[in-house]
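First the structure, in the form of structure tokens, and then the observations on it.
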Amino acid sequence: MSPMSSSSVSTRSATEVNADIRALWQRSGGYLSPQDEAEYQRLLVEWAAVTAGSARTAV
């Protein structure tokens, strides 16, 4: 299954996703376990999709 399936499309704002990223790093104490790393990668993809959409609509 593709990591960008339609079920993974975010309806959250970049601010909300960024808050989750910051919380993950704070919880982890600066060291990501393999499970945390997978969550971090998922959040980065979500954040990139949200911010790319924002940039296109702002032009």
Side-chain angles (χ1 to χ4, degrees):
M1 176 180 243
S2 168
M4 289 300 297
S5 67
S6 61
S7 64
S8 67
V9 175
S10 178
T11 58
R12 301 190 305 158
S13 71
T15 302
E16 291 171 311
V17 178
N18 192 37
D20 283 353
I21 292 169
R22 289 176 183 267
L24 175 64
W25 277 106
Q26 187 171 12
R27 261 192 331 268
S28 72
Y31 174 78
L32 297 178
S33 69
Q35 183 179 6
D36 290 337
E37 179 67 28
E39 176 69 3
Y40 178 64
Q41 293 298 323
R42 187 195 65 75
L43 288 167
L44 284 181
V45 169
E46 183 180 359
W47 180 85
V50 171
T51 58
S54 298
R56 277 191 290 252
T57 58
V59 173

Taking all non-hydrogen atoms of both residues into account, name the closest pair between [X] and [Y] and its distance.
{"X": "Ala14", "Y": "Thr51", "result": "CB-CG2, 3.8 Å"}
{"X": "Ser28", "Y": "Asp36", "result": "CB-OD2, 4.0 Å"}
{"X": "Tyr31", "Y": "Trp25", "result": "N-CZ3, 4.4 Å"}

Checklist entry - Salt bridge or not for Asp20 and Arg12, using N-O below 4.0 Å? => result yes
Next on the checklist: Quick check for you: to the nearest 0.5 Å, what is the distance between Arg22 atom CZ and Leu43 atom CG?
Outcome noted: 13.0 Å
Checklist entry - Out of curiosity, Leu24 CG to Ile21 CD1, how far, rounded to the nearest 0.5 Å? => result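 Separation between the atoms: 8.5 Å.
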Checklist entry - Who are the side chain to side chain donor-acceptor pair (under 3.5 Å) partners of Arg42, not counting sequence neighbours? => result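 With sequence neighbours excluded, Arg42 shows a side chain to side chain donor-acceptor pair (under 3.5 Å) to Glu39, Glu46, given in chain and number order.
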